[in-house]
Amino acid sequence: MTKKYQPKHPINYYLIINRERTLLKQHYDFIKFELQNGILYCYGEYKPTEFSINYKYRIKYDPVKAPQVTIRYPNIEYNDDIHMYQKSKSLCLYHKSDLNWNINCHLFDTIIPWTHEWFVYYELYCITGNWEHPFVPHKINEK
């Protein structure tokens, strides 16, 4: 006899974190990891060109929230034009109309490449004064 209604299984967040860590290790051997209180912290570096500095960043991955990427080095001040969130100083890598982050999304094929791409566009911004990548405006301070 089968049950008419099966109880819903709770989401195993540690399993999701381990899946993400495994996928990251398979694709990016330079990423370092730290697990604290059910949150995975990923530490990486990226140098867009041979003439660039070596950017250091941290990804905070809590399976129930969208990942947050912050720059550890150098210190980049918040500016409305460079697609950072003012309060957290985390990078704005996508718009909610393009992606609704959930447990089926992966860091290795979204957040990591988008972070590296952000550094390329940041360097272009430093040269041109314009954010060259397509974006949805979200200015905090109206001039």
Side-chain angles (χ1 to χ4, degrees), residues 3 5-143:
K3 292 182 182 179
Y5 300 102
Q6 295 291 332
K8 200 171 193 180
H9 296 291
I11 296 171
N12 185 334
Y13 295 109
Y14 285 103
L15 186 63
I16 294 166
I17 285 174
N18 283 325
R19 175 194 67 191
E20 289 306 307
R21 186 169 44 190
T22 300
L23 288 168
L24 285 168
K25 282 180 181 179
Q26 289 173 352
H27 293 88
Y28 301 101
D29 61 356
F30 62 87
I31 300 287
K32 306 292 183 231
F33 306 96
E34 185 176 81
L35 185 60
Q36 290 182 358
N37 301 321
I39 296 173
L40 179 65
Y41 293 92
C42 309
Y43 298 91
E45 298 181 12
Y46 184 64
K47 187 174 181 173
T49 72
E50 65 181 282
F51 304 107
S52 301
I53 63 169
N54 196 27
Y55 295 93
K56 296 180 181 185
Y57 59 91
R58 181 190 80 173
I59 301 168
K60 179 181 178 184
Y61 179 67
D62 179 343
V64 299
K65 299 178 183 174
Q68 276 192 331
V69 180
T70 52
I71 301 168
R72 297 175 54 227
Y73 180 83
N75 181 33
I76 297 176
E77 290 297 319
Y78 169 80
N79 178 318
D80 282 340
D81 294 333
I82 63 170
H83 296 275
M84 292 175 77
Y85 294 104
Q86 185 173 18
K87 196 172 191 178
S88 65
K89 290 185 78 177
S90 61
L91 305 184
C92 177
L93 300 174
Y94 62 92
H95 191 267
K96 61 185 174 185
S97 64
D98 295 326
L99 175 67
N100 185 12
W101 190 269
N102 61 63
I103 61 171
N104 296 313
C105 298
H106 303 294
L107 299 171
F108 83 93
D109 62 353
T110 57
I111 300 301
I112 300 284
W114 294 346
T115 298
H116 294 179
E117 184 178 56
W118 190 96
F119 290 124
V120 171
Y121 283 99
Y122 173 72
E123 289 197 346
L124 288 171
Y125 171 81
C126 290
I127 295 166
T128 68
N130 294 311
W131 194 258
E132 303 292 341
H133 192 275
F135 64 91
V136 175
H138 55 78
K139 287 199 179 256
I140 302 300
N141 301 322
E142 290 300 323
K143 309 248 185 312

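For clarity, every value in this text was computed on a predicted model and none was experimentally measured. Just so you know, residue 1 is the first one in the sequence shown, and it goes up from there.
Taking Asn75 as the reference, Glu77, Lys89 meet the side chain to side chain contact (heavy atoms under 4.5 Å, CB included) condition, with sequence neighbours excluded. Ile11 pairs by the side chain to side chain contact (heavy atoms under 4.5 Å, CB included) definition with Tyr13, Ile16, Ile103, not counting sequence neighbours. Evaluation of the side-chain hydrogen bond (donor to acceptor under 3.5 Å, both in side chains) rule for His106 yields Glu20 as partners, not counting sequence neighbours. Ser90 meets the side-chain hydrogen bond (donor to acceptor under 3.5 Å, both in side chains) test with Ser88; sequence neighbours excluded. For Leu99, the side chain to side chain contact (heavy atoms under 4.5 Å, CB included) partners two or more places apart in sequence, or in a different chain, are Tyr94, Trp101, Cys105, Trp114. For Asn79, the side chain to side chain contact (heavy atoms under 4.5 Å, CB included) test picks out Asp81, Ile82, Tyr125, with sequence neighbours left out. For Asp109, there are no side-chain hydrogen bond (donor to acceptor under 3.5 Å, both in side chains) partners two or more places apart in sequence or in a different chain. For Tyr121, the ring pair (Phe, Tyr, Trp, His ring centres under 6.0 Å) partners at least two apart in sequence or on another chain are His133.
Interatomic distance, CG of Leu107 versus CD1 of Ile17, reported as 10.0 Å (0.5 Å rounding).
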**Message:** Run the side chain to side chain contact (heavy atoms under 4.5 Å, CB included) test on Val69 and Ile111 for me, step by step, so that the C-alpha distance in whole Å, both residues' side-chain angles and the decisive distance to 0.1 Å come before the verdict.
**Reply:** CA-CA 8 Å; Val69 180; Ile111 300 301; 3.5 Å; yes
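Checking side-chain atoms of Asn102 against main-chain N and O of Asn104 turns up a donor-acceptor pair under 3.5 Å. For Trp118 (side chain) and His83 (main-chain N/O), a donor-acceptor pair under 3.5 Å exists by modelled atom type.
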Could you go through residues 55-66 and list every donor-acceptor pair under 3.5 Å that involves a side-chain atom there, pairing it with any protein atom two or more places apart or in another chain?
residue : atom : partner : partner atom : Å
Tyr55   : OH   : Glu123  : OE2          : 2.9
Tyr57   : OH   : His116  : NE2          : 2.8
Asp62   : OD1  : Val64   : N            : 3.2

Distance-only donor-acceptor hits, side chain of residues 31-49, under 3.5 Å, sequence neighbours excluded:
residue : atom : partner : partner atom : Å
Glu34   : OE1  : Gln36   : NE2          : 3.1
Glu34   : OE1  : Tyr43   : OH           : 3.4
Glu45   : OE1  : Asn54   : ND2          : 2.5
Thr49   : OG1  : Phe51   : N            : 3.1
Thr49   : OG1  : Ser52   : N            : 3.2
Thr49   : OG1  : Ser52   : OG           : 2.8

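Side-chain contact of Thr128 with Glu132: a donor-acceptor pair under 3.5 Å is present, judged by distance alone.
Residues Leu91 and Met84 approach most closely at CD2-CG, 4.0 Å, considering heavy atoms.
For the pair Lys25 and Phe108, the minimum side-chain heavy-atom distance is 4.5 Å or more. Looking only at side-chain heavy atoms (C-beta outward), Asn18 and Arg21 come within less than 4.5 Å of each other.
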